2 protein chains.
Amino acid sequence: MSGPLHRRIYADLERRILSGDWAPGQRIPFEHELTAAYGCSRMTVNKAISELAGRGLVTRRRRAGTFVAQPKAHAAVLAIPDLRAEVVERGQAYGYRLLERRERDAATEEESDLARDGRLLDLACLHSADGAPLALERRLIALSAAPEADRVDFGVTPPGSWLLDQAPWTEAENRIAAVEAESAEARLLGLKTGAACLRVERRTWRDGQGVTRVWQTFPGDRYDLIARFSSRGDRR
Amino acid sequence: MSGPLHRRIYADLERRILSGDWAPGQRIPFEHELTAAYGCSRMTVNKAISELAGRGLVTRRRRAGTFVAQPKAHAAVLAIPDLRAEVVERGQAYGYRLLERRERDAATEEESDLARDGRLLDLACLHSADGAPLALERRLIALSAAPEADRVDFGVTPPGSWLLDQAPWTEAENRIAAVEAESAEARLLGLKTGAACLRVERRTWRDGQGVTRVWQTFPGDRYDLIARFSSRGDRR
DNA sequence: CAGTGGTCTAGACCACTCA
DNA sequence: GAGTGGTCTAGACCACTGG
């Protein structure tokens, strides 16, 4: 574990909460105790806990302390799409082609944010169903989080399916937008330039550590996303 | 304006950005300049700007400075989006116009599925933020589930906001797709025909009984959806 | 009313990056 | 190389609130 100290403290506390080591409702150590435990100033501990509070993992009460939050009743699930499984489930023939594979260092700040040690696997691939292109995928994998990835033949195994098995996530963020296909994308997807496409950008973390970041572009007329929610907390 | 100083600084900077006073891409004052302007320490200014960066309003580059980010509206899929609340929270002026209102019987099998007794309220309206069209909305409301709806003046109250208060849901399904704007849609949204749009179709139920079904069409370049998940339940 | 978190200061060193 | 943001310190006072 590397990076700023407040980040390490954050990850450390988050892990204990997500693992259930610290149960919901339980008080976590006071700031001054954590200050002693990590050997740093109170500001640094405070920054880490404020981040936890901002994400809703803890609630803070003056005079009383900081407590692990109750998991929200409104559980919601948008399945992390495993394209291969989806296509197969629909009874279609799944096709997959690796377009590019590179191992390299993180080049931008955002990429460094994903991979602390800086090593990335940079992939591009194309998914198809019954021969028709279904999604163009660009994916970055943090090798620090999934070191085995550099021995996997992604010419055969789609990275999404592999990661789902190998590197379980604890947090994910999906960003969904409508975009017009650029010429290169359009050619690979068999569309006209400018055709409406759905772009899903997903970042996943395990215990505060970035695992993967992926951009998937779907032809608008061949794919839509379905998200089901229930306020009762069932996971369908 | 009251509250903590870092909060006031945040609100101040946010206002200048959202109002367009500081344009996207423009560099905002350096931290040490703001320190002088507000007569406080750098930590305090830093906290305010970090908050802006966290919310995506600015991007920060070492040695270069802090810059106003390109604006993009976004919303969590997890929350049942209340457009009015979202727009207001971003500090923008919310605008609303009712385009059509009809009370009628369910005509298709799908519509009968929504409204058990067959009576429907059929609405069309347009949402805008700071005068720019944000979403075109077509909505069906089952009068059996929300009988008070036929006495509400939806020329003033957006139906989504009203329903959220009056008819709590227990289940919801979102269907998200990318579509090309048809000519009538494009005209109302101020787009070119064929421009990429995000279409969200949402159906909600209360205890197995259909409540409402809505189609919202967003300009692809002005809106995207964000969904955050944690394997422990949804956050934020 | 004592102890918590909330906030703030006035410094400091560092990594990075642009000029 | 110089100046930015990133981080951290070792204090401080305050508001709130639970005991």
Side-chain angles (χ1 to χ4, degrees), chain A residues 1-13 17 22 25-69 104-120 208-210, chain B residues 1-13 17 22 25-69:
Chain A
M1 194 61 212
S2 66
L5 179 54
H6 70 81
R7 194 75 195 133
R8 295 203 298 272
I9 296 175
Y10 171 88
D12 205 11
L13 301 179
I17 293 170
W22 288 343
Q26 182 178 338
R27 185 178 63 72
I28 77 171
F30 295 126
E31 293 190 357
H32 70 82
E33 292 172 333
L34 292 171
T35 291
Y38 289 101
C40 65
S41 79
R42 199 183 136 218
M43 280 291 291
T44 304
V45 164
N46 183 279
K47 185 162 189 169
I49 301 182
S50 296
E51 180 70 15
L52 285 171
R55 302 203 182 189
L57 273 82
V58 299
T59 56
R60 322 191 72 182
R61 292 209 310 276
R62 282 181 159 101
R63 168 69 190 173
T66 299
F67 298 81
V68 178
R104 61 177 179 83
D105 288 321
T108 68
E109 203 162 321
E110 279 204 312
E111 290 181 355
S112 299
D113 195 42
L114 169 64
R116 281 295 144 144
D117 70 344
R119 291 304 287 175
L120 288 174
Q209 173 89 22
Chain B
M1 193 61 216
S2 66
L5 179 54
H6 70 82
R7 198 76 195 123
R8 294 203 300 274
I9 297 175
Y10 171 88
D12 205 10
L13 302 178
I17 293 169
W22 287 342
Q26 182 179 338
R27 184 178 63 72
I28 77 171
F30 296 126
E31 292 190 359
H32 69 82
E33 291 171 334
L34 292 171
T35 291
Y38 289 100
C40 66
S41 79
R42 200 183 134 216
M43 280 290 290
T44 304
V45 164
N46 183 280
K47 186 163 189 170
I49 301 182
S50 296
E51 181 70 14
L52 284 171
R55 301 201 183 188
L57 274 82
V58 299
T59 55
R60 321 189 73 182
R61 293 210 310 277
R62 280 181 161 104
R63 167 69 190 173
T66 300
F67 299 81
V68 178

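Predicted model, so just to flag it, every value in this text is computed and none were measured. In the text below, chain A, chain B and the rest are named by the order of the sequence lines, each starting its count at 1.
With contacts defined as side-chain heavy-atom distances shorter than 4.5 Å, the pair B:His6/B:Glu51 does not qualify.
Not counting sequence neighbours, A:Thr59 has no partner by the side-chain hydrogen bond (donor to acceptor under 3.5 Å, both in side chains) test. Contacts of A:Ala37 classified as side-chain contact (heavy atoms from CB on, under 4.5 Å), with partners at least two apart in sequence or in another chain: none. Residues satisfying the ring-ring contact (aromatic ring centres under 6.0 Å, His included) criterion with A:Phe30, sequence neighbours excluded, are A:His32. Every side-chain hydrogen bond (donor to acceptor under 3.5 Å, both in side chains) that B:Arg42 has, sequence neighbours left out, goes to B:Glu31. Every side-chain contact (heavy atoms from CB on, under 4.5 Å) that A:Ala53 has, sequence neighbours left out, goes to A:Val58, A:Arg60.
The side chain of B:His32 places no N or O atom within less than 4.0 Å of a non-bridging phosphate oxygen (OP1 or OP2) of D:dG3. At C:dT7, none of the side-chain N or O atoms of B:Thr44 fall inside 4.0 Å of OP1 or OP2 (strictly under the cut-off). Checking the phosphate oxygens (OP1, OP2) of D:dG11, no side-chain nitrogen or oxygen of A:Ser41 falls inside 4.0 Å. Of the side-chain N and O atoms in A:Ser50, none sit less than 4.0 angstrom from OP1 or OP2 of C:dG6. Taking 4.0 angstrom as the limit, A:Arg60 places none of its side-chain polar atoms (N or O) nearer than this to OP1 or OP2 of C:dT4.
When the nucleotides D:dG5, C:dG5, D:dC8 are ranked by their closest atom to the side chain of B:Glu31, D:dG5 comes out on top.
Computed from coordinates, the A:Met43 CE to D:dA10 P distance equals 13 Å when rounded to whole Å. In this structure, A:Glu33 atom CD and C:dG3 atom C1' are separated by 12 Å, rounded to whole Å. Straight-line distance from the CG atom of A:Leu34 to the P atom of C:dT4: 12 Å, rounded to whole Å. When the P atom of C:dT9 is taken as reference, atom OH of B:Tyr38 falls 14 Å away, rounded to whole Å. In this structure, A:Lys47 atom NZ and D:dG5 atom P are separated by 14 Å, rounded to whole Å. Between the P atom of D:dG6 and the CG atom of A:Leu5 lies a distance of 17 Å, rounded to the nearest Å. Spacing between atom CG of A:Asn46 and atom C1' of D:dA10 amounts to 14 Å, rounded to whole angstrom units. Taking atom CZ of residue B:Phe30 and atom P of nucleotide C:dC16, one finds them 20 Å apart after rounding to whole Å.
The minimum heavy-atom distance between A:Cys40 and A:Val45, with the atom names listed, is SG-CG2, 3.7 Å.
Among the protein residues, A:Ile49 comes within range of no part of the nucleic acid, since none of its heavy atoms lies under 4.0 Å from any strand.
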Next on the checklist: How would you summarise protein contacts on nucleotides 12-19 of chain D per nucleotide, using B for base, S for sugar-phosphate only and - for none, with heavy-atom distances below 4.0 Å?
Outcome noted: B--BSBBS
